[in-house]
Amino acid sequence: MIQMNPTAQSQPEVAYQWMKSYIAALPREEETFLNEAVLAKTTGTSRTPVREALLRLEAEGFVKRIPHKGAYVPPISDPDVRAILQARAVVEKWAVSSTEPLDSRIDAFQAIIDQQHQAKDDPARFIELDTEFHTLMVRAGGNPVLADFYASLRQKQLRIGVKAVSQGTDRAGDVLREHQLIVDALRSRSVEAAHQAIDAHLESTRQAVIGY
């Protein structure tokens, strides 16, 4: 683990950002426990900020607190990946079908794609932006229940995505092209084309992550 030196950020924020990045970079098949004392030493903070960060991560679904053992990060199996992508397809296609024409949001989608181009060599940042792109789409649907459900998948999507773009292939380039096709379909106000682009993107993600 890399020692960190908290500077401008608050100690809980330093601990939170380090742990979130660490979890996102874990191979999805792996499980682990996070120990408060080790985390405090590694992040250069103390146990109180670490506890605050862990509570935040637990609320966001990144860890499960287990008494006397620590913060548990579960593995993500192949069936988990398929189920997550199926759920995403339902929610994302519903979102683009349920909104008014997204002309006012096209620039925001395009801006995220532009940022992803700049982050191609930083898998964690690239996938954070990927999640931001799809979250913007879901929130546009105007259903806060579905938006909250989608947000609950965030930590698993981060781990799945980072794995996919870190394998040495040009998955990041594929994602950029697939995102652009989605935006082009939204720009043309074609729900059918948007559905096809979303399906193709998620199928490509499945192939990149589990290979079948």
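Within the 4.5 Å cutoff, the side chain of Glu58 has no heavy atoms near those of the Leu54 side chain. Contact check for Tyr72 versus Thr32: no side-chain heavy atoms found under the 4.5 Å cut-off. Proximity of Gln157 to Ile160: side-chain heavy atoms (C-beta onward) are nowhere separated by under 4.5 Å. Within the 4.5 Å cutoff, side-chain heavy atoms of Pro75 are placed close to those of Glu31. Taking the side chain as every heavy atom from C-beta outward, Tyr22 and Thr42 never approach each other to under 4.5 Å. Taking the side chain as every heavy atom from C-beta outward, Arg28 and Asp78 approach each other to under 4.5 Å. The closest side-chain heavy-atom distance from Met137 to Ile198 is below 4.5 Å.
The environment of Asp121 atom CG is sparse: at most 12 non-hydrogen atoms of other residues, nucleotides or ligands sit within 6.0 angstrom.
Minimum heavy-atom separation, Pro49 to Ala15: O-CB, 4.2 Å. For the residue pair Leu136 and Ala108, the shortest heavy atom distance occurs at CD2-CB, 3.8 Å. Between Ala147 and Val138, the shortest heavy-atom contact is CA-CG1, 4.0 Å. The two residues Ile112 and Leu129 have their closest heavy-atom pair at CG2-O, 3.4 Å. Here the closest heavy-atom approach between residue Val162 and residue Ala24 is recorded as CB-O, 3.5 Å. Nearest approach of Ala197 to Ile182, heavy atoms of both residues: CB-CG1, 3.6 Å.
How far CZ of Arg82 is from OG of Ser77: 8.0 Å, rounded to the nearest 0.5 Å. Distance check: Phe126 CZ to His117 NE2 gives 8.5 Å after rounding to the nearest 0.5 Å. For the atom pair NZ of Lys69 and CG of Leu34, the computed distance is 14.5 Å after rounding to the nearest 0.5 Å. Rounded to the nearest 0.5 angstrom, Asp107 CG and Arg105 CZ are separated by 12.0 Å.
Remark: Glu36 engages Arg65 in a salt bridge, criterion side-chain N to carboxylate O under 4.0 Å. A salt bridge links Asp199 and Lys93; the closest N-O separation between the charged side-chain nitrogens and carboxylate oxygens is under 4.0 Å.
Between His179 and His134, the two ring planes are perpendicular [angle over 60°; tilted spans 30° to 60°].
Distance alone, capped at 3.5 Å, places no donor-acceptor pair between the Arg125 side chain and the Ala119 backbone. In this structure a side-chain-to-backbone donor-acceptor pair under 3.5 Å is present from Ser152 to Phe149. With hydrogens and angles ignored, the 3.5 Å screen pairs no side-chain donor or acceptor of Asp130 with any backbone N or O of Ile127.
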Taking it one step at a time, do Phe62 and Arg154 satisfy side-chain contact (heavy atoms from CB on, under 4.5 Å)?
CA-CA 8 Å; Phe62 282 84; Arg154 180 167 175 250; 3.8 Å; yes
So Arg56 and Glu13, salt bridge (Lys or Arg N to Asp or Glu O under 4.0 Å) or not? Walk me through it.
CA-CA 10 Å; Arg56 182 175 169 189; Glu13 183 66 20; 2.8 Å; yes
When you look at Glu29 and Arg159, which way does the salt bridge (Lys or Arg N to Asp or Glu O under 4.0 Å) test go after all the steps?
CA-CA 10 Å; Glu29 302 89 350; Arg159 286 179 69 189; over 6 Å; no
Checking Lys41 against Val38 for the side-chain contact (heavy atoms from CB on, under 4.5 Å) test, could you report, in this order, the C-alpha distance in whole Å, the side-chain angles of both residues, the deciding distance, and whether it holds?
CA-CA 5 Å; Lys41 182 177 180 180; Val38 174; 5.9 Å; no
Verdict with supporting geometry, Lys20 and Ile23, side-chain contact (heavy atoms from CB on, under 4.5 Å)
CA-CA 5 Å; Lys20 187 176 72 169; Ile23 293 168; 6.0 Å; no
Evaluate the criterion side-chain hydrogen bond (donor to acceptor under 3.5 Å, both in side chains) for residue pair Gln110 and Gln180; output intermediate values, then yes/no.
CA-CA 8 Å; Gln110 195 65 57; Gln180 192 63 60; 2.9 Å; yes
Salt bridge (Lys or Arg N to Asp or Glu O under 4.0 Å) evaluation trace for Lys120 with Asp170:
CA-CA 9 Å; Lys120 280 188 68 176; Asp170 189 24; 3.7 Å; yes
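Looking at Asp114 and Gln118, their side chains never bring a donor and an acceptor atom within 3.5 Å of each other. Between the side chains of Thr45 and Thr43, at least one donor N or O lies within less than 3.5 Å of an accepting N or O. Inspection of the Glu52 and Tyr16 side chains reveals no N or O donor paired with an N or O acceptor under 3.5 Å. Side-chain contact check for Ser204 and Arg171: at least one donor-acceptor pair (N or O, by modelled atom type) lies under 3.5 Å.
Applying the ring-ring contact (aromatic ring centres under 6.0 Å, His included) rule to His195 yields no partners; only residues at least two apart in sequence or on another chain are considered.
Note on Leu55: it does not cluster hydrophobically with Val50, by side-chain heavy-atom contacts below 4.5 Å among ILVMFWY residues. Side-chain heavy atoms closer than 4.5 Å link hydrophobic residues (I, L, V, M, F, W, Y) into clusters, and following such links, possibly through other members, connects Ile84 to Ile210. In the hydrophobic clustering of this structure, Val96 groups with Ile106; members are Ile, Leu, Val, Met, Phe, Trp, Tyr whose side-chain heavy atoms approach within less than 4.5 Å, directly or through other members. A continuous path of ILVMFWY side-chain contacts below 4.5 Å connects Met19 to Leu26, so both sit in one hydrophobic cluster. Hydrophobic clustering, with ILVMFWY side chains joined whenever heavy atoms are under 4.5 angstrom apart, groups Leu176 together with Leu202.
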